[in-house]
Amino acid sequence: MLTAIEMLEIAKKYIKLNEEEINIELIIFEQLTIIKPYGNIYSYGPKDSKYRLAGNGPFLVKNDTGLVIQFGTSNDVEYYITGYEDGTWKPSTHGVWDPNQI
């Protein structure tokens with residue numbers, strides 16, 4: 001099992017990849033982290049408030065594998081958490097990032 005610190009480091013690596021793609025500095029809103037038995041859910045956004053992002057939904061870092069699962073933006077985070085937990089929502093293949101594959 002990964003520690004909270006290890007999961008946060010994976011989250012930061014994931015955000016860094018997004019940052020490089022869009023050329024805008026991003027931050028994780030640590031105070032909004034949702035802690036679940038299976039991992040932590042992080043929210044993020046631009047560091048500079050002059051920028052607005054689309055598609056920056058929260059994401060889960062699984063504590064057993066470190067996999068990052070991107071949630072959507074069309075519903076609130078509880079929708080995705082509930083669907084993930086009961087198996088009714090599945091991430092798309094491009095919505096999963098494995099930090100061990102870099």
Side-chain angles (χ1 to χ4, degrees):
M1 292 293 235
L2 298 170
T3 66
I5 293 170
E6 290 168 324
M7 286 187 287
L8 181 58
E9 288 304 311
I10 290 169
K12 288 178 179 179
K13 286 180 186 176
Y14 180 68
I15 291 303
K16 190 73 171 163
L17 288 174
N18 288 314
E19 214 175 52
E20 291 169 359
E21 200 171 290
I22 63 173
N23 201 29
I24 296 173
E25 190 173 1
L26 302 172
I27 58 170
I28 294 173
F29 304 124
E30 292 187 47
Q31 71 277 15
L32 299 178
T33 301
I34 299 170
I35 299 168
K36 293 291 189 174
Y38 47 82
N40 289 350
I41 300 163
Y42 299 95
S43 296
Y44 68 100
K47 184 174 184 178
D48 188 331
S49 63
K50 74 179 179 181
Y51 296 107
R52 298 278 183 238
L53 296 183
N56 62 313
F59 61 92
L60 165 67
V61 176
K62 293 181 64 174
N63 62 13
D64 60 346
T65 61
L67 283 177
V68 173
I69 298 176
Q70 181 69 52
F71 290 158
T73 58
S74 61
N75 293 293
D76 64 31
V77 69
E78 288 304 320
Y79 168 85
Y80 296 100
I81 292 171
T82 300
Y84 179 79
E85 290 176 351
D86 69 16
T88 59
W89 177 83
K90 302 282 189 221
S92 66
T93 54
H94 68 276
V96 178
W97 178 69
D98 185 349
N100 302 306
Q101 297 296 317
I102 52 174

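Between the side chains of Ser74 and Tyr80, a donor-acceptor pair is found at a separation under 3.5 Å. Using modelled atom types, one finds no donor on one side chain facing an acceptor on the other under 3.5 Å when comparing Glu25 with Tyr51.
Considering CG of Asn23 and CG of Asn18, their distance stands at 13.0 Å, rounded to 0.5 Å.
Between Met7 and Asn40, the shortest heavy-atom distance links the atoms CE-ND2, 3.5 Å. A pairwise comparison of heavy atoms in Lys36 and Ile41 identifies CG-CD1, 4.1 Å as the closest pair. In plain terms, the two heavy atoms of Pro58 and Ser43 that are nearest each other are CB-OG, 3.9 Å. Residues Glu19 and Ile24 approach most closely at CG-O, 2.9 Å, considering heavy atoms. Listed here is the closest heavy atom pair of Asn63 and Gly39: ND2-N, 3.6 Å. Between Thr65 and Leu2, the closest heavy-atom pair is C-CD1, 4.4 Å.
Hydrophobic clustering of Ile, Leu, Val, Met, Phe, Trp and Tyr side chains at less than 4.5 Å, counting indirect connections, unites Leu26 with Trp97.
Qualifying side-chain contact (heavy atoms from CB on, under 4.5 Å) partners for Ile5, counting only residues two or more places apart in sequence or in other chains: Thr3. Tyr42 meets the ring pair (Phe, Tyr, Trp, His ring centres under 6.0 Å) test with Phe59; sequence neighbours excluded.
In summary, the aromatic rings of Tyr79 and Trp89 are positioned with their centroids too far apart to meet the 6.0 Å limit.
Heavy-atom contacts from other residues, nucleotides or ligands closer than 6.0 Å to NZ of Lys16 number 12 or fewer. Dense packing is recorded around CD of Glu20, with more than 12 heavy atoms of other residues, nucleotides or ligands lying under 6.0 Å away.
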### Message
Would Tyr38 and Glu85 count as a side-chain hydrogen bond (donor to acceptor under 3.5 Å, both in side chains) here? Give the steps.
### Response
CA-CA 9 Å; Tyr38 47 82; Glu85 290 176 351; 2.7 Å; yes
